Amino acid sequence: SGLAVPLRSLTLRDADGADATGPALALLAERCPELLELSAHVDVFPAARGGAEAMAASFGVPFLGRVPIEPALTRACEAGRRSLPGSPDVVRPIAD
């Protein structure tokens with residue numbers, strides 16, 4: 001599973017590990033402002049460390065399964081929309 005993170009909220013570092021966020025964002029704003037509207041997909045439970053299944057095992061609780069998260073749906077939910085642009089409303093309210 002993952003999480004969509006706006007590019008503007010990331011901390012960018014140079015080869016020496018120094019914070020390069022300000023200059024990098026200024027350069028993007030000047031040359032490619034449309035990139036600032038993008039989001040990065042971040043793994044919440046990185047597979048390299050066993051993912052959610054390993055985390056459940058470490059806490060001694062059952063792993064209940066996998067739920068794939070479509071990045072476009074994640075962005076729609078984070079924007080407060082219940083469905084993707086141009087698609088039917090797939091989540092219906094319980095009460096009006």
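On a predicted model such as this, the values are computed, not experimentally measured, just so you know.
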Just list the side-chain donor-acceptor pairs under 3.5 Å for residues 14-21, sequence neighbours left out, or say none.
residue	atom	partner	partner atom	Å
D14	OD1	D16	N	2.9
D14	OD1	G17	N	3.0
D14	OD1	A18	N	2.9
D19	OD1	T21	N	2.8
D19	OD1	T21	OG1	2.6
T21	OG1	L12	N	2.8
T21	OG1	L12	O	3.4

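Applying the salt bridge (charged side-chain N to carboxylate O under 4.0 Å, His left out) definition to pairs two or more places apart or across chains, those involving residues 27-38 are R8-E37.
No path of Ile, Leu, Val, Met, Phe, Trp and Tyr side chains, each step under 4.5 Å between heavy atoms, connects L27 with L35, placing them in separate hydrophobic clusters.
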